[in-house]
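All values below come from the heavy atoms of this structure, side chains included, with hydrogens, waters and symmetry mates left out. Throughout, numbering of the chain's residues begins at 1 and tracks the sequence.
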Amino acid sequence: MPPPPPPAACSRGRCSALSFAAARDRCFSHRFRRAGLRPLAVPLPGPGPDADPATTVHMWVPAGPPPRNPLLLLHGFGASATWQWAPYLRPLIAAGFDPIVPDLLFFGASCTRLPDRSDAFQASAIKAAMDAIGVPRFGLVGVSYGGFVAYRMAAMFPEAVHRVALVCAGVCLEERDLAEGLFPVAGIGEAAALLVPHRPEEVRRLVRLTFARPPLIMPSCFLWDYIKVMGSDHIQEKAELLYALINGRQLCTLPKLTQPTLIIWGEQDRVFPMELAHRLNGHLEGNSRLVVIKNAGHAVNIEKPKEVCRSIIEFFKEPVAGAANADDKV
């Protein structure tokens, strides 16, 4: 997921003296604390009974009593989890949910020494962290890459995940789709260059592809600052995550979820076109509902947070029998 739109104007002197991205990052962390969440680092053991921790999952968890209605929120590529989920905290809490927000491995403060880069490994690590904090069963929401991990987690741990919401998550893509022109990139390497930008012009391209209405002005000083604060860590590992996700991917090997599933899509998504939303809805064979949000692109969770949050709340509150077999436009 790309950074939120930058300020409309920015002088060179001010940019060099102040990090907008670092200040914004502190602001989002403060919002999490004000909403009643606290940061927690969960060490996970490596292979073998006596192995030292090989993986650490950083997550924001409720600071009070054990959660009664936990909702696990998984972010996408780009800015850290706090940037992507901050607007959702208070509405979800007011609706009776207890948000739990981890950093996926190689994002934020989560990392591993193990070589596995698969979405299944991500899913297993987050599930182990949930077990470690005493949350064995939960609802699950994933955005973009986080939706791939959410889908895999729901398939691997159906006893733990009771419902799933996927936001612009192209889990039904196949590697051949890239060569056939379904996406704005023609190969895995180009996809990695797009989603892990190194220069301001690459960030601009990403923002213009992911927002239906991208900002007209994106100052280079702000974008360099964002790259330094948010995009300079684990560049190689993030590229490896994408290779593991796409390389050899085929729809025929994708399991069908048994849980009620909500699919949310931006109508103007150019990263994962609407065809993938309909493909996923058909793949789940009546066990899903597709909600299409108008005037929004791939970054629908940033462009239309109220609409996305309202759809999530309604889905997780409704009876099981009403969770599937419907298509809506918002």
*Would you check, one step at a time, whether the test side chain to side chain contact (heavy atoms under 4.5 Å, CB included) holds for Val207 with Leu223?*
CA-CA 11 Å; Val207 171; Leu223 300 181; 5.9 Å; no
Do the side chain of [X] and the main chain of [Y] share a donor and acceptor less than 3.5 angstrom apart?
| X | Y | value |
| --- | --- | --- |
| Tyr151 | Gly142 | no |
| Glu303 | Gly297 | yes |
| Lys317 | Ala95 | yes |
| Asn287 | Gln259 | yes |
| Asp103 | Ser110 | no |
| Glu175 | Gly248 | yes |
| Arg279 | Cys172 | yes |
| Glu174 | Leu251 | yes |
| Trp265 | His278 | no |
| Gln122 | Leu104 | no |

*Can you name the nearest heavy-atom pair linking Gln250 to Thr253, along with the distance?*
O-OG1, 2.8 Å
*Can you see which heavy atom on Arg152 is nearest to which on Ala120, and at what distance?*
CG-CA, 3.6 Å
What's the separation between atom [atom1] in [X] and atom [atom2] in [Y], rounded to the nearest 0.5 Å?
| X | Y | atom1 | atom2 | value |
| --- | --- | --- | --- | --- |
| Gln84 | His75 | CD | NE2 | 6.5 Å |
| Phe106 | His234 | CZ | NE2 | 6.5 Å |
| Glu307 | Asn295 | CD | CG | 9.5 Å |
| Leu242 | Lys238 | CG | NZ | 10.5 Å |
| Thr55 | Arg113 | OG1 | CZ | 8.0 Å |
| Leu73 | Leu89 | CG | CG | 7.5 Å |

Do the non-hydrogen side-chain atoms of [X] and [Y] ever get within less than 4.5 Å of each other?
| X | Y | value |
| --- | --- | --- |
| Trp60 | Arg33 | yes |
| Val161 | Leu72 | no |
| Ile133 | Ile100 | yes |
| Val203 | Met218 | no |
| Arg249 | Phe148 | yes |
| Ile227 | His198 | no |
| Asp269 | Val300 | no |
| Phe121 | Leu105 | yes |

*With respect to Asp98, which candidate in Leu71, Leu37, Asn69 satisfies the side-chain contact (heavy atoms from CB on, under 4.5 Å) definition?*
Asn69
Whether [X] and [Y] hold their rings parallel, tilted or perpendicular, with breakpoints at 30° and 60°:
| X | Y | result |
| --- | --- | --- |
| Phe272 | Phe183 | perpendicular |
| His162 | Phe316 | perpendicular |
| Phe20 | Phe222 | tilted |

*Taking atom types as modelled, is there a side-chain donor on Arg204 or Ser220 under 3.5 Å from an acceptor on the other?*
yes
*How about Ser288 and Thr261: does a side-chain donor come under 3.5 Å of a side-chain acceptor?*
no
*Worked verdict on Trp224 versus Arg199 for side chain to side chain contact (heavy atoms under 4.5 Å, CB included)*: CA-CA 7 Å; Trp224 275 122; Arg199 300 179 61 83; 4.1 Å; yes
*Looking at Phe315, does the NZ or CZ of Arg289 lie under 6.0 angstrom from its six-membered ring centre and within 45 degrees of the ring axis?*
no
